[in-house]
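A quick write-up on the structure given underneath.
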2 protein chains.
Amino acid sequence: MRLSKRGEYGLRAMIDLASWTQDGRVISIKAIAERENIPVKFLEQILLAMKNGGLVNSRMGASGGYYLAKPAAQITLGQIIRLLDGPLAPIRCVSQMAYEPCSCPDESTCGLRSVMFDVRNAIADILDHQTLADVVHGQPGNNLKLNEMSKS
Amino acid sequence: MRLSKRGEYGLRAMIDLASWTQDGRVISIKAIAERENIPVKFLEQILLAMKNGGLVNSRMGASGGYYLAKPAAQITLGQIIRLLDGPLAPIRCVSQMAYEPCSCPDESTCGLRSVMFDVRNAIADILDHQTLADVVHGQPGNNLKLNEMSKS
DNA sequence: CCTATATTCTATTGTTTTAGTAGGACATTT
DNA sequence: AAATGTCCTACTAAAACAATAGAATATAGG
Ligand code: FES
Ligand code: FES
């Protein structure tokens, strides 16, 4: 159930980009890496992948850098994670973007599958609706439910 | 965001165990493996781990096998996954059972963290309340939300 | 007691994924 | 032309994953 460093760095970089971008300015990899404590060369790859995925654009050359390809309110965390880390679904048989049958004898009566379907929807409901704009402007969501005692 | 084969097999085995156990009967690894299409020797390890984790008990020797250590209604999918796969949280800085700081400059103002906190709670809310008994008796949950168009 | 059938436990293996590093080509500004 | 950037590919070390192997131990049933 875990997000890779690649995914984590990518998200942090995008949030950084969304919060520091204004007007027609661009931001260099180095600037993001320093602010966010991310290895420069690793971040380079990640931003490149996101460029190829259409989430950011870049300007080359000296004083070049990156900027969001779309308004922050139109980029969801779900898009970023899928691009960098693959499907959100915990198990392939409930994935919409990368379905694959599992070794279960009968998928249609599988109890695990129906629970995991709920889990994947719960995750996607959050990640596909939280945009970079929401995150930057501190959209509270419904966190602070610290009375929840379950351990993760 | 994905569940390992180890976790998947473990869950399937426990569900199998919960649905075929009655009275004081025990079920052999081989029986489970055949019904669930799981490699026998791999399942062996997994069940052993769950025995050491206190979720199942066993009877050794001929006509021996495994049985649930507690009533099915008292074993949650969350317990099983944590035992076999570790924390449910997508990122360590929001994990209750295995917290670890990340490289973020400031955890208290991190937007990503607060979103991931919601995600981990959404996952835990489901997995810590769904018991083996629920799964076996086809507790519908709130699946069938096929009008949800997000891709996982 | 013997044998067949189980669990128990440790070690080893091959593959894939992860988390980077390295280095050079290319573009743009100054 | 030099400095500063992105672009792109290849490489690598380490960890995680998905098993497999094999021997030890325990028990039921004849
Ligand atoms: S059908 Fe995928 S886990 Fe059963
Ligand atoms: S504090 Fe963990 S992601 Fe920012």
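Chain identifiers are assigned alphabetically (A, B, ...) following the order of the sequence lines, protein sequences preceding nucleic acid strands; residue numbering begins at 1 within each chain. For clarity, every value in this text was computed on a predicted model and none was experimentally measured.
- In this structure, B/Ile46 atom CD1 and D/dC17 atom P are separated by 12 Å, rounded to whole Å.
- A distance of 7.5 Å separates OG in A/Ser19 from CD1 in A/Ile27, rounded to the nearest 0.5 Å.
- When distances are taken from the side chain of A/Lys5 to each of D/dT6, C/dA19, C/dA6, the shortest belongs to C/dA19.
- Taking side-chain N and O atoms only, A/Tyr9 has a distance below 4.0 Å to OP1 or OP2 of C/dG20.
- Within 3.5 Å, a donor on the side chain of A/Gln45 pairs with an acceptor on the base of C/dT21, or the reverse.
- Atom CG in B/Leu43 sits about 18 Å away from atom P in D/dC17, given to the nearest Å.
- Residue whose closest nucleotide on DNA chain D sits further toward the 5' end, between A/Ile27 and A/Arg2: A/Ile27.
- Here B/Ser28 does not reach the OP1 or OP2 of C/dT5: none of its side-chain N or O atoms lies under 4.0 Å away.
- Atom CZ of B/Arg59 and atom P of D/dA26 are 16 Å apart (whole Å).
- Protein atom CD1 of A/Ile29 is 12 Å distant from nucleotide atom C1' of D/dC8, rounded to whole Å.
- The separation between B/Met50 atom CE and C/dT8 atom C1' is 15 Å, rounded to whole Å.
- Both B/Met60 and A/Met60 lie close to DNA chain C; mapped to their nearest nucleotides by heavy-atom distance, the more 5′-ward contact belongs to B/Met60.
- Using a distance-only test at 3.5 Å, with no hydrogens or angles considered, a donor-acceptor pair links the side chain of B/Asn37 to the main chain of A/Ser103.
- A sub-4.0 Å separation between OP1 or OP2 of D/dC7 and a side-chain N or O of A/Tyr66 is present.
- Comparing C/dT7, C/dG20, D/dC8 by their closest approach to the side chain of A/Leu48 singles out D/dC8.
- B/Lys51 comes within contact range of the sugar-phosphate backbone alone, with a heavy-atom separation under 4.0 Å but no base atom that close.
- Between the CD atom of A/Glu44 and the C1' atom of C/dA22 there is a distance of 11 Å, rounded to whole Å.
- Comparing D/dC8, C/dT7, C/dT29 by their closest approach to the side chain of A/Asn52 singles out D/dC8.
- Within 6.0 Å of NZ on B/Lys70 lie more than 12 heavy atoms contributed by other residues, nucleotides or ligands.
- The distance from atom CG of A/Leu47 to atom C1' of D/dC8 is 14 Å, rounded to the nearest whole Å.
- Nearest-nucleotide positions on DNA chain D for A/Lys41 and A/Ser63 put A/Ser63 closer to the 5' end.
- Cluster membership check: A/Tyr67 does not share its hydrophobic cluster with A/Tyr9, using side-chain heavy-atom separations under 4.5 Å among Ile, Leu, Val, Met, Phe, Trp and Tyr.
- Summarising the geometry, the separation between CG on A/Asn57 and C1' on D/dT6 is reported as 13 Å, rounded to the nearest angstrom.
- Listed candidates were C/dG20, D/dT6, C/dA4. Nearest to the side chain of A/Ser58 is D/dT6.
- Atom CZ of B/Arg113 sits about 7.5 Å away from atom SG of B/Cys102, to the nearest 0.5 Å.
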